[in-house]
Participant: 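Let me give you the structure first, and then I'll get to my questions.
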Amino acid sequence: MEYVKGTKISLKHSTSHDEAWLQTLISEDPSLLGLGDLVVKDLERKQIAGGRLDMLLADPEGEVRYEVEIQLGATDESHIIRTLEYWDVERRLRPQYEHIAVIVAEEVTSRFHNVIGLFNKAIPLIAIQITALEVEGKLTLSATKVLDLALSATEDEEEVAPTVDRAYWLDKAGEGAVRVVENLLPVINTVGEEMQLNFTRGYIGLARAGATRVGRSRNYVQFVPGKKAVTMYVGIPDPTDELDLLVERTELDATYNKRRKRVFIRFDIPKNGAPPMPLSGDAEQDLKELIRIAKGLPADPLDSRTDPYKTSSAEDHAAWQELEVEAER
């Protein structure tokens with residue numbers, strides 16, 4: 001294969017190729033970024049706080065979303081802040097997905113790395129440097145991933161987080177949201193060791209009842225209260241067919257995120273100040289079962305999840321009844 005030398009071109013100073021051109025090119029072929037086979041969810045996505053997100057991409061399974069901001073030339077502070085702000089807005093609005101901030105620029109400066117270093121790897125962020133080359137009168141692009149903080153470290157069983165008090169979440173999310181969380185704690189405590197709520201700045205976690213180490217949370221369950229709903233995260237690192245079946249048939253508003261290895265459960269907050277109703281029946285049993293799976297506890301042989309009526313079809317139900325009648329005789 002013959003070698004042909006390319007000439008580097010600055011898109012920022014180009015009269016025929018601007019940011020809109022680059023955005024269109026990427027939207028037509030997101031693989032240009034080197035992030036895999038992604039799909040375009042939206043372009044110029046309007047933000048609640050003002051401004052527009054350049055691109056919202058997603059993986060084919062829909063579990064991970066990429067908030068992409070494009071800048072010609074070198075990265076600057078305003079571009080970094082805007083990218084992180086849009087990422088934060090999207091993850092708060094749609095917590096059922098994993099969100100990754102992506103900065104695309106022609107030059108990722110050392111100052112960029114210094115600013116990002118201040119966040120101590122707390123934000124999943126990817127920086128991609130785009131290089132434009134002219135080769136024999138034609139333009140080609142090369143994307144190089146120069147920073148990847150998207151792969152989070154494996155969570156320990158416990159973690160230390162800045163603690164707050166109940167009043168913090170009352171002010172941030174409202175009494176209805178906090179009461180939803182408090183109503184769910186007794187259900188959790190029917191499975192395994194007794195826990196208490198641990199209020200931290202980022203979420204409400206669990207700690208062993210009577211724990212004296214302030215700020216230490218058990219990670220298998222976390223709550224993120226909002227104004228309209230509470231999102232509950234149940235960590236299950238090893239999914240099984242049992243889990244798939246449970247999530248598929250449950251009355252809970254639940255989805256399993258394979259990448260983050262968590263079940264996301266949404267609990268709406270009652271309107272007009274009505275008190276949150278405690279879980280009951282199948283929904284309560286389903287939540288207990290998820291907690292059991294998360295903690296790696298053996299199945300209860302008397303659990304209603306193993307009742308043949310629970311999984312059988314209408315035709316099979318009559319057959320089970322006939323067997324029971326004969327057994328009684």
Participant: Got a second to check how far L38's CG is from S31's OG, nearest 0.5 Å?
Facilitator: 8.5 Å
Participant: Strictly by modelled atom types, are H99 and E67 linked by a side-chain donor-acceptor pair under 3.5 Å?
Facilitator: yes
Participant: For D29, is the CG atom crowded, meaning more than 12 foreign heavy atoms sit under 6.0 Å from it?
Facilitator: yes
Participant: Quick check: do E248 and D244 have side-chain heavy atoms less than 4.5 Å from each other?
Facilitator: no
Participant: For V102 and T83, work out which heavy atoms get closest and say how close.
Facilitator: O-CG2, 3.8 Å
Participant: Within a strict 4.5 Å, meaning less than it, do heavy atoms of the H79 and D76 side chains meet?
Facilitator: yes
Participant: Any side-chain to backbone donor/acceptor pair from K295 onto V191? Under 3.5 Å, distance only.
Facilitator: yes
Participant: Side chains of V40 and P30: closer than 4.5 Å at any heavy-atom pair?
Facilitator: yes
Participant: Check whether any side-chain N or O of Q129 sits under 3.5 Å from a backbone N or O of V108 as a donor-acceptor pair, and report yes or no.
Facilitator: yes
Participant: Using side-chain heavy atoms (C-beta onward) and a distance below 4.5 Å, is L133 in contact with L139?
Facilitator: no
Participant: Tell me whether R166 forms a cation-pi arrangement with W169, defined as NZ or CZ under 6.0 Å from the six-membered ring centre and within 45 degrees of its axis.
Facilitator: no
Participant: Nearest 0.5 Å, what's the CD-CD distance between E28 and Q23?
Facilitator: 11.0 Å
Participant: Between D59 (side chain only) and V64 (backbone N and O only), is there a donor and an acceptor less than 3.5 Å apart?
Facilitator: yes
Participant: Which atom names give the shortest non-hydrogen contact between L22 and L72, and what distance separates them?
Facilitator: CD2-CD2, 3.9 Å
Participant: Can you confirm whether E19 sits close enough to K12 that some side-chain heavy atom of one is under 4.5 Å from a side-chain heavy atom of the other?
Facilitator: no
Participant: Mind checking the CG-CG spacing from L246 to L290? Nearest 0.5 Å is all I need.
Facilitator: 4.5 Å
Participant: Kindly compute the distance separating CG (D54) from CZ (R82), expressed to the nearest 0.5 Å.
Facilitator: 7.5 Å
Participant: Are any of the side-chain heavy atoms of T109 and E107 separated by less than 4.5 Å?
Facilitator: yes
Participant: Please check this pair: side chain of K271 against backbone of K228, looking for a donor-acceptor N/O pair closer than 3.5 Å.
Facilitator: no
Participant: Do the side chains of Q222 and R262 get nearer than 4.5 Å, heavy atoms only?
Facilitator: yes
Participant: For a quick check under 3.5 Å, do Q47 and E85 share a side-chain donor-acceptor pair by atom type?
Facilitator: no
Participant: Please check if Y86 and I100 belong to a single hydrophobic cluster, counting links between Ile, Leu, Val, Met, Phe, Trp and Tyr side chain heavy atoms closer than 4.5 Å.
Facilitator: no
Participant: Do Y168 and L170 have side chains that get closer than 4.5 Å, going by heavy atoms?
Facilitator: no
Participant: Quick one: closest heavy-atom pair of G226 and I269, and the distance?
Facilitator: O-CD1, 3.1 Å
Participant: Which value, rounded to the nearest 0.5 Å, describes the distance between D286 atom CG and T250 atom OG1?
Facilitator: 3.5 Å
Participant: Keeping the roles fixed (side chain from D42, backbone from R45), state whether a donor-acceptor pair exists under 3.5 Å.
Facilitator: no
Participant: Hydrophobic cluster membership, with links at side-chain heavy-atom distances under 4.5 Å among I/L/V/M/F/W/Y: are I26 and W21 in one?
Facilitator: yes
Participant: Picking from F267, F223, Y256, F264, what satisfies ring pair (Phe, Tyr, Trp, His ring centres under 6.0 Å) with Y233?
Facilitator: F264
Participant: Are L43 and V39 connected, step by step, through hydrophobic side chains (Ile, Leu, Val, Met, Phe, Trp, Tyr) whose heavy atoms are closer than 4.5 Å?
Facilitator: no
Participant: Are L53 and I80 connected into the same hydrophobic cluster when the rule is that any two of I, L, V, M, F, W, Y join if their side-chain heavy atoms are below 4.5 Å apart?
Facilitator: no
Participant: Testing the basics here: between P225 and V230, what is the closest heavy-atom pair and its distance to 0.1 Å?
Facilitator: CA-CG2, 4.0 Å
Participant: Is there a continuous path of hydrophobic side-chain contacts, each under 4.5 Å between heavy atoms, that joins L33 to L56?
Facilitator: no
Participant: Between S27 and T24, is there a donor-acceptor pair closer than 3.5 Å when you use the side chain of the first and the backbone of the second?
Facilitator: yes
Participant: Are side-chain N/O atoms of Q71 and E106 paired as donor and acceptor at under 3.5 Å?
Facilitator: no
